[in-house]
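Notes to accompany the following structure.
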There are 2 protein chains.
Amino acid sequence: MLDPVSRVRRFNRAVTSAVGALDTSFLGRGRPLGAARVLNAIGHGRSDVAEIRDYLGLDSGLMSRLLRNLEDEGLVETNAHEDDARRRVATLTRAGRREFAAYEALSNTQAEGFLAQHSQREALLAAMDMIASALTRERVTLDEMDPRSEEARYCLGEYYAELGRRFEQGFDVSLSRDPDAKDMRRPRGTFIVAISDTLPIGCVGLKGTDHGYAEIKRLWAAPAARGLRLGRRLMDAAEDAARGLGIKLLRLDTNSALAEAGQLYRRSGWSEIPRFNDDPYPDLFFEKHL
Amino acid sequence: MLDPVSRVRRFNRAVTSAVGALDTSFLGRGRPLGAARVLNAIGHGRSDVAEIRDYLGLDSGLMSRLLRNLEDEGLVETNAHEDDARRRVATLTRAGRREFAAYEALSNTQAEGFLAQHSQREALLAAMDMIASALTRERVTLDEMDPRSEEARYCLGEYYAELGRRFEQGFDVSLSRDPDAKDMRRPRGTFIVAISDTLPIGCVGLKGTDHGYAEIKRLWAAPAARGLRLGRRLMDAAEDAARGLGIKLLRLDTNSALAEAGQLYRRSGWSEIPRFNDDPYPDLFFEKHL
DNA sequence: CGCCATCTCTGACTAAAGTCAGAGATATGC
DNA sequence: GCATATCTCTGACTTTAGTCAGAGATGGCG
């Protein structure tokens, strides 16, 4: 009945009218949409005026006026930037935080209402995650982070859970050779997290060793991010980091149950080698000269 | 990391900015968005001015002016309605059709571009279908249609395909008692299709018999529509139609592999009865007095 | 036919968004 | 230290969207 393009366009129509409804609901607080958007951007932690302008795609004149209105309402204060007095930094006043909280409550109620009328929540949420990731694809950032950071630990948790589902015998971290966090910090290695609009959707670790090579560990892409070629991007970033650290040889181990991963390695210049450790889980071993 | 509400809101953010981009791309043709929307509504077959106004949520004055602009551009012609000279009917001129085609091409290119950058098309499309159905939930219409109509045949095809996947031994329509189309037309019975923005997403047949009861057949809800309680709505509509036809007793057969269906029947007043036909596929039989 | 309802159109507004040029303050590089 | 770039702000617009009241034409119905 419907070809792929028509399906995308049906989605676009549905979403366009939903976004319209969402926007008009923000008008209920007696403030034009532009001002409400600026207030919310500040509330969500964007303080640098130029950054907000950029994020919302506003002209500098318009932005300035919207800020002025919010100041007149007593919701926002602006000050010069600490390091650069040309820039301005906006913060919410007490009243501004109250007003922002009201918008937040509105948004939350709406989201809850949408979920409540659906009886297959998890499937719906997974679909939303997938689409959100696909739509924000170009804005995914790959950030080096501490392997003990909240984001990194979240990724690792999801990664272990996935291994548990994919391996017939399950997966128990304590049996695996859990890399020491300090081996995945500079200068020995690094840990990279892919972030899509505050949500971690993938990671990879570069673990330094004392054996003349570094290892790639914990390559993971969230189910919602499959299809975005995130694995490839993460591997490229890890290899770049390795080159930057002067590393000449990389190794990794994996399991043949993770077919996509194996394919990715083979396609990007890795070659299979004999087992080089005694970890019980992996059954495939690769290396790559940089 | 993320609770359900945050996930919905992440989706909202992603989609809001995507819709913004989509809208502004329509501005490329030198026409304000309002006029472009009217042109496209006409191009998509909405000709009655009041209907367009209603669909786009426009004030009558605004609508009138937008139409006038399109007429001045030579893209649209309006005439009195055949049966009611107060109403106006808008049609595209030759130039209007060209312009509409340009907008269509733009939309299609965008949709294709979005799909092209993703390597898991079918999963992505399924997610979009699901969300589009959830968002347009209140606008789903249940229409009585001929069981030989294109929409009905599409639904039945999907239904059979699903049975093929769900039954261990597969499903072959020719072995099943394929109901005669005329038994699912008034006055013997009916066939109801659920339509969400032109896409059929579910169906149910009411099949008249000469044995003192009618049968419910072919209850189907598209995978993308699961969770919308569409099965319940379709059954209610079928029962209402049966009552309208003076039918006092309904029967149906189903298979225990279709667990949700069985649950639905039990929860809505149906009681299990012994086998009443020799169809090889069903293993569960129900009836309900109206 | 007359009355009232319905539909479209016009005039006269307002509000919001967006544009553009230039001024003033501050940073940066040579 | 000076020229140049960057950032914000103001004034002076324009465009788009939307609102409201009322006029004019037509339809439905007793």
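Just so it is clear: chains get the letters A, B, ... in the order the sequence lines come, proteins before strands, and each one is counted from 1.
Residues B:Leu62 and B:Leu66 meet the side-chain proximity criterion, which asks for heavy atoms closer than 4.5 Å. Under the 4.5 Å side-chain criterion, counting only non-hydrogen atoms from C-beta, A:Leu92 is not in contact with A:Leu75. By the 4.5 Å heavy-atom criterion applied to side chains, A:Ile195 and A:Thr141 are counted as neighbours. Side-chain contact between A:Arg188 and A:Leu245 is absent, with no heavy-atom pair separated by less than 4.5 Å.
In this structure, B:Arg233 does not pair ionically with B:Asp236, as no charged nitrogen and carboxylate oxygen lie closer than 4.0 Å.
Contacts between chain A and DNA chain C, taken as any atom within less than 4.0 angstrom of a protein heavy atom, begin and end at C:dA16 to C:dA27.
Whole-Å rounding puts the A:Asp59 CG to D:dT15 C1' distance at 14 Å.
Each of A:Glu82 and A:Arg31 was assigned the nucleotide of DNA chain C with the nearest heavy atom; the assignment lying further toward the 5' end belongs to A:Arg31.
Below 30°, between 30° and 60°, or above 60°: for A:Phe11 and B:Phe11 the angle between ring planes is above 60°, a perpendicular geometry. Ring-plane geometry between B:Tyr103 and B:Phe26 is classed as tilted, the angle between the planes lying from 30 to 60 degrees on a 0 to 90 degree scale.
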Heavy-atom contacts, protein to nucleotides 2-7 of chain D, under 4.0 Å, summarised as B (base), S (sugar-phosphate only) or - (none) per nt, yield ---BBS
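For DNA chain C, the residues of residues 62-74 of chain A within the heavy-atom distance limit of 4.0 Å (strictly under) are A:Leu62, A:Arg65, sorted by number.
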Does the pair A:Arg10 and B:Ser196 meet the rule for a side-chain hydrogen bond (donor to acceptor under 3.5 Å, both in side chains), with working shown? CA-CA 9 Å; A:Arg10 170 175 177 254; B:Ser196 159; 2.7 Å; yes
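For B:Arg185 and B:Phe191, the positive end is not near the middle of the six-membered ring at less than 6.0 Å and at most 45° from its axis.
The CG atom of B:Leu234 lies 7.5 Å from the SG atom of B:Cys203; values are rounded to the nearest 0.5 Å.
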